[in-house]
**Q** 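Structure in C-alpha cells, see below.
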Amino acid sequence: MLPSLLRYKRDTKREKLLQYGERVWGITQGSDEERLEATVQATVNFFESLDIRTKLRDYEVDKSTIQEIVKRFEERGVKNLGERADIQIPDVEQILTMSL
C-alpha cells in the first residue's frame, strides 16, 4: 500500500519525497515528476527485493475486501487519518484500489 499512498499524496508530500529520493536512493536526475516516480519505484524494488509484495492482490485482497474496509471505517466514523489528518474514507478507498 505504501507506494500507492506515496503516489496519491505526491503533491502534498512533494518536497519530502524528492528529498527522500535523493538522500536514500540517490535520485537526482530528471524532472520532479520523473524523480518522484523513480523514488516510489525504488521503494517498491527495495521491498520486493526482500520478498515483501507491494500489491494487495498478492495478499488475496480484492475489491470486495476494500468495500468491507470502507464499510467498517464508515461504521466507526473514521476520519482525519495521516500525519496531516488529511486522509478521509474516500481517500482510503482510492488508495486501496490503487494498491490492487
Side-chain angles (χ1 to χ4, degrees):
M1 248 182 42
L2 178 62
S4 295
L5 173 64
L6 296 178
R7 285 183 178 114
Y8 187 79
K9 300 300 288 182
R10 74 187 310 150
D11 291 334
T12 57
K13 295 181 176 291
R14 177 175 295 278
E15 293 307 314
K16 285 294 182 186
L17 283 172
L18 291 170
Q19 182 183 70
Y20 163 60
E22 184 174 343
R23 291 183 180 177
V24 174
W25 305 116
I27 298 168
T28 59
Q29 300 296 315
S31 68
D32 283 0
E33 289 303 314
E34 291 168 334
R35 291 171 45 216
L36 288 167
E37 185 54 35
T39 297
V40 174
Q41 194 55 52
T43 304
V44 168
N45 294 344
F46 170 73
F47 281 117
E48 294 202 353
S49 76
L50 300 173
D51 288 328
I52 300 171
R53 301 291 143 232
T54 58
K55 293 287 189 181
L56 291 177
R57 66 177 168 261
D58 294 323
Y59 299 96
E60 299 180 15
V61 172
D62 60 17
K63 288 184 180 187
S64 66
T65 306
I66 291 171
Q67 291 309 308
E68 183 63 28
I69 292 167
V70 168
K71 177 183 166 195
R72 289 182 185 184
F73 275 31
E74 289 171 342
E75 291 171 351
R76 295 176 181 151
V78 173
K79 58 183 177 179
N80 303 327
L81 298 170
E83 72 270 15
R84 295 181 181 173
D86 63 349
I87 298 175
Q88 305 306 320
I89 294 172
D91 301 304
V92 170
E93 183 174 12
Q94 192 163 357
I95 292 164
L96 290 172
T97 300
M98 291 170 61
S99 299
L100 285 175

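Positions are given from 1 along the sequence. Only a predicted model underlies this, so the values are computations on that prediction, with no experimental measurement involved.
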**Q** CG of Leu50 to CG of Asn45: how many Å apart, nearest 0.5 Å?
**A** 11.0 Å

**Q** Distance check, rounded to the nearest 0.5 Å: Asp58 atom CG versus Glu60 atom CD?
**A** 10.0 Å

**Q** Given Leu96 and Val61, is the side chain to side chain contact (heavy atoms under 4.5 Å, CB included) satisfied, shown in steps?
**A** CA-CA 10 Å; Leu96 290 172; Val61 172; over 6 Å; no

**Q** Hey, is OH on Tyr59 packed in by over 12 heavy atoms from elsewhere, all under 6.0 Å?
**A** yes

**Q** Please report the interatomic distance CG(Leu100) to NZ(Lys55), rounded to the nearest 0.5 Å.
**A** 8.0 Å

**Q** Roughly how far apart are Arg35 CZ and Arg14 CZ, rounded to 0.5 Å?
**A** 10.0 Å

**Q** Let me see the working for Lys13 and Asp11 under salt bridge (Lys or Arg N to Asp or Glu O under 4.0 Å), right down to the final yes or no.
**A** CA-CA 5 Å; Lys13 295 181 176 291; Asp11 291 334; over 6 Å; no

**Q** Minimum heavy-atom separation for Glu37 and Arg7, please, with both atom names.
**A** OE2-NH2, 2.5 Å

**Q** Once you round to the nearest 0.5 Å, how far does CG of Asp91 lie from NZ of Lys9?
**A** 6.0 Å

**Q** Please identify each residue that fulfils ring-ring contact (aromatic ring centres under 6.0 Å, His included) with Phe46, with sequence neighbours left out.
**A** Trp25

**Q** Any sub-3.5 Å donor-acceptor pair from Ser99's side-chain atoms to Ser4's backbone N or O?
**A** no

**Q** With a cut-off of 6.0 Å (strictly less than), are more than 12 heavy atoms of other residues, nucleotides or ligands near CE of Met98?
**A** yes

**Q** Sub-3.5 Å donor-acceptor pair from the side chain of Arg84 to the main-chain atoms of Thr12, do we have one?
**A** yes

**Q** Quick one: CG on Leu56 to CD1 on Ile95, what's the gap to the nearest 0.5 Å?
**A** 11.0 Å

**Q** Please tell me if the side chains of Leu18 and Thr39 come closer than 4.5 Å, counting only heavy atoms from C-beta onward.
**A** no

**Q** With a 4.0 Å cut-off on N to O distance, would you call Lys63 and Glu93 a salt bridge?
**A** no

**Q** Take atom CD of Gln29 as the centre, draw a 6.0 Å sphere, and report whether it contains more than 12 heavy atoms from other residues, nucleotides or ligands.
**A** no

**Q** Taking CD in Glu33 as the centre, count heavy atoms belonging to other residues, nucleotides or ligands within less than 6.0 Å. Is the count above 12?
**A** yes

**Q** Using side chain to side chain contact (heavy atoms under 4.5 Å, CB included) as the criterion, point out the one residue from Asn80, Leu5, Val78 that pairs with Ile87.
**A** Leu5

**Q** Give the minimum heavy-atom separation between Ala42 and Ile27, together with the two atoms involved.
**A** CB-CD1, 4.3 Å

**Q** With Thr54 as reference, evaluate Val44, Thr43, Leu2 under the side chain to side chain contact (heavy atoms under 4.5 Å, CB included) test and give the passing residue.
**A** Val44

**Q** Return the set of residues passing salt bridge (Lys or Arg N to Asp or Glu O under 4.0 Å) with Arg72 (not counting sequence neighbours), or none when no residue passes.
**A** Glu68

**Q** Minimum heavy-atom separation for Leu36 and Arg10, please, with both atom names.
**A** CB-NH2, 3.1 Å

